[in-house]
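In what follows, a single structure is set out as structure tokens and then discussed.
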Protein chains: 2
Amino acid sequence: MNPDALRGHMDALLLSVLEREPLHGYAIIEALQERSGGALNVPTGTVYPALRRLERTGHLVSEWATVGGRRRRTYRLTDSGRKQLEGERSAWQAFTSAIGSVLGPGEVRPSGSA
Amino acid sequence: MNPDALRGHMDALLLSVLEREPLHGYAIIEALQERSGGALNVPTGTVYPALRRLERTGHLVSEWATVGGRRRRTYRLTDSGRKQLEGERSAWQAFTSAIGSVLGPGEVRPSGSA
DNA sequence: TGTCTACATATAGACAGCCTACATGTAGAC
DNA sequence: GTCTACATGTAGGCTGTCTATATGTAGACA
């Protein structure tokens, strides 16, 4: 997967995996991999800064925990984050629709043709 | 449209509008706008450098022409460009599928079921 | 005559986010 | 004693998109 392609969609991905339950960074990475059937292999150097960014903007809050002797920072969606996710979802729809209509050879001709 | 979202998809867009017929930069911008229903408003500062990049990599060739007293640089797809476009199209499929499977809460859900 | 808009191309520099590479540390297996 | 999995984090690089600016023709309009 071309790294540039992820640009601008990372937030949506992170918010989305955190929608159902709070998770820590490492688990988020695994969740992304699993949910995408292995296609999404996001490096830690991308995820951790992105999570902090989302916390800074108030879409996430984090909490430290120690499990099995290891420290985890668990992130949870805020109301603002939930709202943001909604926006990201419709932005995604608009985005794929726009690109798709250019890329797609146009077999999608709506019923009321010219 | 978030500018970052376009990252890594610009080439596909340009190649795609040039698939049917050669066009010059200005016309390409208009074509992108038209084909996307107005959603894609790509500035000249994005398109012209991108076209030159694609020419440098051999996916396009250009030719100068003067029409109505104005100089146009018309771009045309090469065989390499056509092949590249194919790749971009399947990459786009893979990309939307991957992101969609994370983002989409399951539009797979049949409308009737609980 | 002068001004404005549409047409047409181009570059410089800013910006931002994703990546590679590296640093740090625990736990458990072998 | 070493290796792997788990777990977090930062620094710096890269690169493509954007904004702003420059240049120039053609035609409308006053």
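If you're wondering where the values come from, they're calculated on a predicted model, not measured in any experiment. The sequence lines fix the lettering, A, B, ..., with proteins before strands; numbering per chain opens at 1.
With rounding to whole Å, B/Ile28 atom CD1 is found 11 Å from C/dA10 atom P. Remark: C1' of D/dC6 and CZ of A/Arg72 are 9 Å apart, rounded to the nearest angstrom. Here C/dA8 presents its P atom at 17 Å from CD of B/Glu63, a figure rounded to the nearest Å. Distance, A/Asp11 CG to C/dG17 P: 8 Å, rounded to whole Å. Here D/dA5 presents its C1' atom at 13 Å from CD1 of A/Ile29, a figure rounded to the nearest Å. Atom P of nucleotide D/dT10 and atom CG of A/Leu51 are separated by 12 Å, given to the nearest angstrom. Counting to the nearest Å, the C1' atom of C/dC15 and the CG atom of B/Asp4 are 9 Å from each other. For the pair A/Arg52 CZ and D/dA7 P, the computed distance is 18 Å after rounding to whole Å.
Side chain B/Thr44 to base C/dA10: a donor-acceptor pair is found below 3.5 Å.
Here the side chain of A/Thr46 is nearest to one of C/dC18, C/dA10, C/dC7, namely C/dC18. Side chain of B/Tyr26, nearest nucleotide from D/dA7, C/dA8, D/dG16: C/dA8. Side-chain atoms of B/Trp64 lie closest to C/dA10 of the nucleotides C/dT20, D/dT10, C/dA10.
As judged by a 4.0 angstrom heavy-atom cut-off over every strand, B/Gly45 is placed among the base-contacting residues. Nucleic acid contact class of B/Arg70 (heavy atoms, under 4.0 Å, all strands): base. Counting any heavy atom pair closer than 4.0 Å across all strands shown, B/Arg7 reaches a base atom.
Ring pair A/Trp92/A/His9 is perpendicular by interplanar angle, where above 60° counts as perpendicular and below 30° as parallel.
Between B/Arg53 and D/dT17 there is a side-chain polar atom (N or O) within less than 4.0 angstrom of OP1 or OP2. Contact check, A/Tyr48 against D/dG9: no side-chain N or O comes under 4.0 Å of OP1 or OP2. OP1 or OP2 of C/dC7 has not a single side-chain nitrogen or oxygen of B/Arg71 nearer than 4.0 Å.
Where B/Arg73 and A/Pro49 each meet DNA chain C at their nearest nucleotide, the meeting point lying more 5' is that of B/Arg73. When the nearest nucleotides of DNA chain C are assigned to A/Met10 and B/Ala27 by heavy-atom distance, the more 5′-ward of the two goes with B/Ala27.
Across all their heavy atoms, B/Met10 and B/Thr46 have their closest contact at SD-CG2, 4.0 Å. Nearest heavy atoms, B/Ser62 versus B/Arg73: OG-CD, 3.3 Å. In terms of heavy atoms, A/Ser101 sits closest to B/Ser36 at OG-CA, 3.5 Å.
Figure legend. C/dC18 is base-paired to D/dG13; pairs are counted as Watson-Crick or G-U wobble with both atom distances under 3.5 Å. D/dA5 is paired with C/dT26 under the Watson-Crick or G-U wobble criterion, all donor-acceptor distances under 3.5 Å.
Hydrophobic cluster membership differs between B/Val17 and B/Val61, with clusters built from Ile, Leu, Val, Met, Phe, Trp and Tyr side chains linked at under 4.5 angstrom.
Looking at heavy atoms from C-beta onward, B/Tyr26 lies out of side-chain contact with B/Arg70 at the 4.5 angstrom threshold.
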